[in-house]
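Note sheet for the following structure.
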Protein chains: 2
Amino acid sequence: MKNTIKVERAKKNWTQAELAKVIGISRQGLNSIETGKFIPSTVLALRMAKAFDTTVEVLFQLEDTEG
Amino acid sequence: MKNTIKVERAKKNWTQAELAKVIGISRQGLNSIETGKFIPSTVLALRMAKAFDTTVEVLFQLEDTEG
DNA sequence: TTATTTTGTCAATTATACTTGACAAAATGA
DNA sequence: TCATTTTGTCAAGTATAATTGACAAAATAA
């Protein structure tokens, strides 16, 4: 799964630590999600989408092999 | 977190077992998600949204306390 | 360059999603 | 009613998400 967290974060000029705090997760946890190391829960995806004023689908995209 | 899986499933006239197969999860796993026992991964949420031709936000809603 | 912040990553632990197998309750259909 | 399908739930196990603490690489600012 791909994500556009880094881009959305840049738009808001937020650090990983700041975003992590907003969505209630550790900085390392957010880093692992952002770098594709692991897949977040739907609650975290929804919180992130809300924080960025966007949708889960804009933030996260299934790969062709994951469809 | 609330969800509208049961309703979307009814629209398509799918059983839990059928939907579970489509998204690549066990029947009991899907049941636990549908009944709110646990929170699915974002990949599963995206697959479900795709299967239902809808969005993650339509399928899953944060409670006021989870925002 | 030097100092500071930000990011990436590791190890070890904890929490939880997801699995299979099983069985009963509930719903559906004959 | 009787049979069949569907759903809910339990237990025990596996997989993985998420945690903290730590440290170095990379980026940013002075």
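First the proteins, then the strands, lettered A, B, ... as listed; each starts at 1. Everything numeric here is computed off the predicted structure, so don't read it as measured data.
Residues A:L19 and A:F38 are members of one and the same hydrophobic cluster, defined by side-chain heavy-atom contacts under 4.5 angstrom among Ile, Leu, Val, Met, Phe, Trp and Tyr.
A donor-acceptor pair is defined here as one N or O able to donate and one able to accept, closer than 3.5 Å; such a pair exists between the side chain of B:T42 and the backbone of A:S41. At least one donor-acceptor pair closer than 3.5 Å links the side chain of B:N3 to the backbone N or O of B:I33. Using a distance-only test at 3.5 Å, with no hydrogens or angles considered, no donor-acceptor pair links the side chain of A:T4 to the main chain of A:V7. Of the possible donor and acceptor atoms, none in the side chain of B:Q61 sits under 3.5 Å from a partner among the backbone N and O of B:M1.
The outermost nucleotides of DNA chain D lying under 4.0 Å from heavy atoms of chain B, listed 5' to 3', are D:dT6 to D:dT9.
Ion pairing of B:E66 with A:R47 is absent here, as no side-chain N (NZ or NE/NH1/NH2) approaches a carboxylate O to less than 4.0 Å. Taking a cutoff of 4.0 Å between a charged side-chain nitrogen and a carboxylate oxygen, B:E8 and B:K11 qualify as a salt bridge. The pair B:K12-B:E18 does not meet the salt-bridge criterion, since no charged nitrogen lies less than 4.0 angstrom from a carboxylate oxygen.
To the nearest 0.5 Å, atoms CD1 (B:I5) and CD (B:E34) are separated by 5.5 Å. With rounding to the nearest 0.5 Å, the separation of OG1 in A:T15 from CZ in A:R9 is 7.0 Å.
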Assign a letter to each nucleotide of nucleotides 11-21 of chain C from its 5' end: B, base within under 4.0 Å of a protein heavy atom; S, sugar-phosphate only; -, no contact.
-> ------SBSBB
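Looking at residues 3-23 of chain A, you'll see A:R9, A:T15, A:Q16 sit with a heavy atom under 4.0 Å from some atom of DNA chain C.
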